[in-house]
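Working notes, beginning with the structure itself.
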Amino acid sequence: MLTLLSAMYLVSRTASAQAEPIRVLVTGAAGQIAYSLLYSIAKGDVFGKDQPIILVLLDITPMLPVLDGVVMELQDCALPLLREVIPTDKVEVGFKDLDAAILVGSMPRKEGMERKDLLKANVAIFKTQGEALEKYAKKTVKVLVVGNPANTNCLIASKSAPSIPKENFSCLTRLDHNRARSQVAIRVGVPSDSVKNVIIWGNHSSTQYPDVHHAIVNNHGKEMSGFDAVNDESWLKGDFISTVQQRGAAVIKARKLSSAMSAAKAICDHMRDIWFGTPDGEWVSMGIYSTGNSYGVPNDLMYSFPVMIKNKTWKVVDGLAINDFSRGKMDGTAAELVEERDTALTFLGA
């Protein structure tokens, strides 16, 4: 028996040793979200405990000295799965042969900046990055856009990489999903993993719609609907929604910095679910390309839906009942995304 176990262990170790490293890009790699993110990726929390990693860290030229410090720290962690760290400011290096791209870097909104100016600056960034994905990355690359405005930045990147399937692009609404799940859990007095199947519909902005109509709560051993568990409809249709919508601004007001630890955790959750799938009977929220969906969401948007994932492929959860309250919220956030898209596309053609 010991001999058999030893042999199995050796086979496992050998398989791990022989696994080809995957190339994972993180942009904005000298920033605070990346600082909270890179350790989790490099130690195997995202792509698996047996999967060697080559980490590619891309940032703008003035940030290269900071990036050198990040590289030193990653080296000093002595992580066995981390085979190589490549810091760069060149897209031809950053996007080469990628298996996964996590696009964190974007132009932040500055004081006095109009929304259309912010869109224009980010269209230029994500057009360049989309073109680099098209030219240098594997066609199977999975792309997660985090930099805001994430939905529209993701759409621009996907349109700039026409030979990469639209289904390979997604944007981060998992942070909002986690916020919604946590708020319900706190209200009911249960751990967050006792709450499942909340939904974030639409844009990663203050128009997003956190929806609990289909959520299930394990309330101290008894499964019930989110509405029954909370037992406060006015809160669920009022302060709950606004708390989740405005949570990022609340963190900035308190910390004087944007969400980093929670954003990094959400990125890990999102990419891990793409790689390994969602648990049976559970869905998660992510911004994906809307085409022919059953919820009346306009086509050609990156819109957050409930999805189930299997074999690295997402599928929208269809057939959920949508009441008038939800319909109004879903349409409102879609209208904002249509306006963002149309404005961004005028810059794309410029």
Side-chain angles (χ1 to χ4, degrees), residues 36 40 45-46 144 170-251 259 261-288 295 303-310 314-323 325-326 329-330 333:
S36 292
S40 294
D45 289 350
V46 179
L144 169 59
S170 56
C171 72
L172 189 74
T173 57
R174 184 59 169 271
L175 177 53
D176 310 301
H177 181 101
N178 288 349
R179 287 165 170 165
R181 191 178 186 184
S182 176
Q183 287 298 311
V184 171
I186 292 166
R187 191 77 174 189
V188 178
V190 296
S192 59
D193 64 354
S194 294
V195 180
K196 64 182 182 181
N197 295 354
V198 299
I199 303 169
I200 303 296
W201 299 99
N203 200 2
H204 174 63
S205 75
S206 60
T207 68
Q208 65 175 265
Y209 172 42
D211 180 8
V212 186
H213 284 93
H214 307 281
I216 297 168
V217 177
N218 184 327
N219 191 358
H220 303 96
K222 183 180 179 185
E223 274 209 347
M224 55 179 65
S225 74
F227 268 73
D228 287 345
V230 171
N231 196 27
D232 188 342
E233 185 171 346
S234 64
W235 180 78
L236 282 171
K237 289 187 171 182
D239 286 350
F240 163 72
I241 291 174
S242 59
T243 295
V244 176
Q245 288 174 333
Q246 303 291 340
R247 189 67 159 189
V251 170
S259 306
M261 177 171 48
S262 56
K265 164 65 165 53
I267 292 166
C268 292
D269 291 345
H270 181 115
M271 291 304 290
R272 188 190 309 110
D273 284 344
I274 287 178
W275 236 250
F276 295 106
T278 49
D280 288 344
E282 288 190 37
W283 61 68
V284 294
S285 304
M286 59 174 64
I288 54 170
Y295 294 109
Y303 187 99
S304 182
F305 288 94
V307 299
M308 292 180 174
I309 305 167
K310 192 173 183 180
W314 53 258
K315 186 177 185 301
V316 173
V317 178
D318 280 324
L320 297 174
I322 304 298
N323 62 22
F325 178 84
S326 294
K329 298 286 188 186
M330 290 164 67
T333 191

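Side chains are part of it too, since the values below use all heavy atoms of this structure and drop only hydrogens, waters and symmetry mates.
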[X] and [Y]: which non-hydrogen atoms are nearest, and at how many Å?
{"X": "Ile241", "Y": "Leu236", "value": "CG1-O, 3.5 Å"}
{"X": "His220", "Y": "Val190", "value": "CE1-CG1, 3.7 Å"}
{"X": "Leu172", "Y": "Ala263", "value": "CD2-O, 4.2 Å"}
{"X": "Ala229", "Y": "Val217", "value": "CB-CB, 3.7 Å"}
{"X": "Ile288", "Y": "Val316", "value": "CD1-CG2, 3.5 Å"}
{"X": "Gly226", "Y": "Val212", "value": "CA-CG1, 3.9 Å"}

To the closest 0.5 Å, what do you measure between [atom1] ([X]) and [atom2] ([Y])?
{"X": "Phe305", "Y": "Ser285", "atom1": "CZ", "atom2": "OG", "result": "11.0 Å"}
{"X": "Ser225", "Y": "Ile216", "atom1": "OG", "atom2": "CD1", "result": "9.0 Å"}
{"X": "Ile186", "Y": "Arg181", "atom1": "CD1", "atom2": "CZ", "result": "12.5 Å"}
{"X": "Lys222", "Y": "Asp228", "atom1": "NZ", "atom2": "CG", "result": "8.5 Å"}
{"X": "Met286", "Y": "Leu144", "atom1": "CE", "atom2": "CG", "result": "8.0 Å"}
{"X": "Ile322", "Y": "Asp211", "atom1": "CD1", "atom2": "CG", "result": "6.0 Å"}

Pairs touching residues 237-249 that satisfy side chain to side chain donor-acceptor pair (under 3.5 Å), sequence neighbours left out: Glu233-Lys237

Using the side chain to side chain donor-acceptor pair (under 3.5 Å) rule, collect all pairs that involve residues 187-197, keeping only residues at least two apart or in two chains. Arg187-Asp232

Leu320 backbone acceptor or donor facing Tyr295 side chain under 3.5 Å: yes

Hey, does the side chain of Ser304 reach the backbone of Gly202 with a donor-acceptor pair shorter than 3.5 angstrom? no

With Asn218, which residues qualify under side chain to side chain donor-acceptor pair (under 3.5 Å), at least two apart? none

Quick one: side chain to side chain donor-acceptor pair (under 3.5 Å) partners of Ser259, sequence neighbours excluded? Arg179

Are more than 12 heavy atoms, taken from residues, nucleotides or ligands other than Asp280, located less than 6.0 Å from that residue's CG atom? no

Does the pair Asp45 and Cys268 meet the rule for a side-chain contact (heavy atoms from CB on, under 4.5 Å), with working shown? CA-CA 7 Å; Asp45 289 350; Cys268 292; 5.6 Å; no

[Y] and [X] aromatic ring geometry - parallel, tilted or perpendicular at 30°/60° bounds:
{"X": "Phe325", "Y": "His213", "answer": "tilted"}
{"X": "Phe240", "Y": "Trp235", "answer": "tilted"}
{"X": "Tyr303", "Y": "Trp201", "answer": "tilted"}

Does the side chain of Asn203 reach to within under 4.5 Å of the side chain of Gln208, using non-hydrogen atoms? no

For a 4.5 angstrom cut-off between non-hydrogen side-chain atoms, does Val230 reach Val188? yes

Mind jotting down which residue pairs meet the ring pair (Phe, Tyr, Trp, His ring centres under 6.0 Å) criterion with at least one end in residues 263-282? Sequence neighbours excluded, please. Phe47-Trp275

Residues which pass salt bridge (charged side-chain N to carboxylate O under 4.0 Å, His left out) with Asp269, listed by chain and number, not counting sequence neighbours: Lys265, Arg272

With no hydrogens and no angle check, do the side chains of Thr173 and Asp176 hold a donor and an acceptor under 3.5 Å apart? no

Would you check, one step at a time, whether the test side-chain contact (heavy atoms from CB on, under 4.5 Å) holds for Ile267 with Arg174? CA-CA 7 Å; Ile267 292 166; Arg174 184 59 169 271; over 6 Å; no

Might you work through the side-chain contact (heavy atoms from CB on, under 4.5 Å) test for Ser262 and Asn178, ending with a clear yes or no? CA-CA 9 Å; Ser262 56; Asn178 288 349; over 6 Å; no

Test Trp283 against every option in Ile199, Val307, Thr278, Val198 by the side-chain contact (heavy atoms from CB on, under 4.5 Å) rule and name the one that passes. Ile199

